[in-house]
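Heads up, the thing below is written out as structure tokens.
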Amino acid sequence: MNQATPLTFPVPNRFDLHLCISAGQVFRWQSSSTGFTGISGSRLFQVRDSHENYTVQALPSEHAETAFRDLFRLETDLPSVHSAVIQADPRWEPWIRELSGLRLMRWEDPEECLFSFLCTPANNIPRITGMIQRLCETYGEPLFSFDSTFHRAFPQIPTLADLPEDALRPLGFGYRSRSLIQAARALRERGPGWMESLKSAGYWDAKRELVRLPGVGAKIADCVLLLGLDYWESVPVDTHMWQAMQKLLPELQGKSLTEKTYRQILDWFHDRFGVWTRWAQQYLFTARLKKL
DNA sequence: ACGAATCCTGGGCA
DNA sequence: ATGCCCAGGATTC
């Protein structure tokens, strides 16, 4: 149990942290009376918004500032993204104007990212948040006590792998219990470092590997490729994205979301936006999610 | 290759 | 109150 003093540092608030953490990119953040509190990997952040800055408190203090910058991808210049995307397709301009503070996030731990998104099929964000909270409370290792709140890490994969397949049903996981446990066992089979190795496998090879895991289809694979493995090519096509793309691409109207149409959407993004694909995708998805 | 049914659960809604 | 629909899908037939 770490009882050390948190590191406090300022970050220019030229982005909308609340928008980032409420757009379904992460599931372990919440607003509190004092601001926002979130856990990323084995690190805790508490963020207060002051006049010019976010004041961030972090535990543990080592590498905390770097971790925060990585989490919100602060190395990327937002205005450059905006102009690049709008230049590629002016139809994005109103969405970007409404979502100018939105940042694409980056998970510290791709495995935690995978298991979190295994909770998402046919689900909604409030419920997913509750499921993951109960999962961590029940099976996670102790992390910190901070502000009189006790925090735990996301469960270790071997812990999940050893559970019976229905163990997560009492936590409200429904049929997704089996997906998480079976995926944990599959990951154990592949050995440590397997997920990390996908970071250098290339987008298509990594995706081909991911969809072999139980409970992982194209959409969840793309979520992990986008937020956990850092691939610019990723476009998770869910119901929101599918509806949006049917309006944008006439050739999709009247069709259904299949492997072929999913690929059509990917190709279209890559042709039009190139390395800015993941950002363009994020504005469109969030615009639909927020009903803009 | 495509379409449809099935799977847990909780909230919104008529 | 009760039933139906849908929510960041995957799998099976």
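Order of the sequence lines fixes the chain letters, A, B, ..., with proteins taken first and strands second; residue numbering starts at 1 for each chain.
Within a 6.0 Å radius of CZ in A:Arg212, no more than 12 heavy atoms belonging to other residues, nucleotides or ligands are found. Within 6.0 Å of the CZ atom in A:Arg14, the count of heavy atoms belonging to other residues, nucleotides or ligands does not exceed 12. The neighbour count for A:Glu75 CD, taken as heavy atoms of other residues, nucleotides or ligands under 6.0 Å away, is above 12. The number of heavy atoms from other shown groups lying within 6.0 Å of CD (A:Glu165) is above 12.
A salt bridge links A:Arg188 to A:Asp162: one of the charged nitrogens lies within less than 4.0 Å of a carboxylate oxygen.
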(request) Whenever both distances are under 3.5 Å in a Watson-Crick or G-U wobble pair, mark it; put DNA chain C into dot-bracket that way, with [ ] for crossing pairs and | when the partner is on another strand. (result) .||||||.|||||
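With a heavy-atom cut-off of 4.0 Å to chain A, the contacted part of DNA chain B has its first and last nucleotide at B:dC2 to B:dT9.
A ring-centre distance under 6.0 Å is found for A:Phe36 and A:His18. Aromatic ring centroids of A:Trp95 and A:Trp92 lie under 6.0 Å apart. Not less than 6.0 angstrom separates the ring centroid of A:Tyr54 from the ring centroid of A:Phe68.
Rounded to whole Å, the separation between the P atoms of B:dA4 and C:dC5 comes to 15 Å. Between B:dG10 and C:dT11, the distance separating the two P atoms is 24 Å to the nearest Å. When the P atom is compared between B:dT6 and C:dC4, the two are found 14 Å apart, to the nearest whole Å. For the P atoms, the distance linking B:dG3 with C:dG8 amounts to 23 Å, nearest Å.
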(request) Would you mind building the protein contact string for nucleotides 4-10 of chain C? One character per nucleotide, 5' to 3', B for base within reach (heavy atoms under 4.0 Å), S for sugar-phosphate only, - for untouched. (result) ---BBBS
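Of the N and O atoms on the side chains of A:Ser256 and A:Thr258, not one donor lies less than 3.5 Å from an acceptor on the other residue.
Note: A:Glu111 CD to A:Phe154 CZ = 10.0 Å, rounded to the nearest 0.5 Å.
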